[in-house]
Amino acid sequence: MSRMGDAGAQAGQQAGSAAQTLKDKAEHVGDQIRDKAEQAKAAAKEQVEHLRDKASQYYDQGKQMASRWEENAEGYVRDQPVKSLLIAAGIGFAIGMLLRK
């Protein structure tokens, strides 16, 4: 009987050892997953900052371009007021005809 008791105790120890090994591996995998998640989070944050900077640059460029167009249009109207008035009237007439239909 003592052999059976020894075998049972040994099996219990092996099961406990196997359980501890599984627990250790699970903790290791969990740590790796957390590390990868942190890396992904940092990369995403960096990409968002990069895109935000790019969008800001494009916005500023568009704003400058619109400002230049406005200045050019004002200069044209000052230089040729009659021609500008006739062009504006023609555009207004064309828009009126399109909206009436």
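Only this structure's heavy atoms are used, side chains among them; waters, hydrogens and symmetry mates stay out.
Within the 4.5 Å cutoff, side-chain heavy atoms of E27 are placed close to those of K23.
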Might you work through the side chain to side chain donor-acceptor pair (under 3.5 Å) test for E46 and H50, ending with a clear yes or no?
CA-CA 6 Å; E46 184 179 321; H50 176 72; over 6 Å; no

Could you check Q20 against D24 for side chain to side chain donor-acceptor pair (under 3.5 Å), going step by step and ending with a plain yes or no?
CA-CA 6 Å; Q20 185 62 41; D24 292 343; 2.9 Å; yes

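In this structure, L51 is not a member of the same hydrophobic cluster as Y59, with clusters built from ILVMFWY side-chain heavy atoms closer than 4.5 Å. In terms of hydrophobic clustering, with Ile, Leu, Val, Met, Phe, Trp and Tyr side chains grouped at heavy-atom distances under 4.5 Å, V77 and I91 are assigned to different clusters. Linking Ile, Leu, Val, Met, Phe, Trp and Tyr residues whenever their side-chain heavy atoms come within less than 4.5 Å leaves L85 and F93 in two separate clusters.
Using a 4.0 Å cut-off between charged nitrogen and carboxylate oxygen, D60 and K63 do not count as a salt-bridge pair. Taking a cutoff of 4.0 Å between a charged side-chain nitrogen and a carboxylate oxygen, R52 and E49 qualify as a salt bridge.
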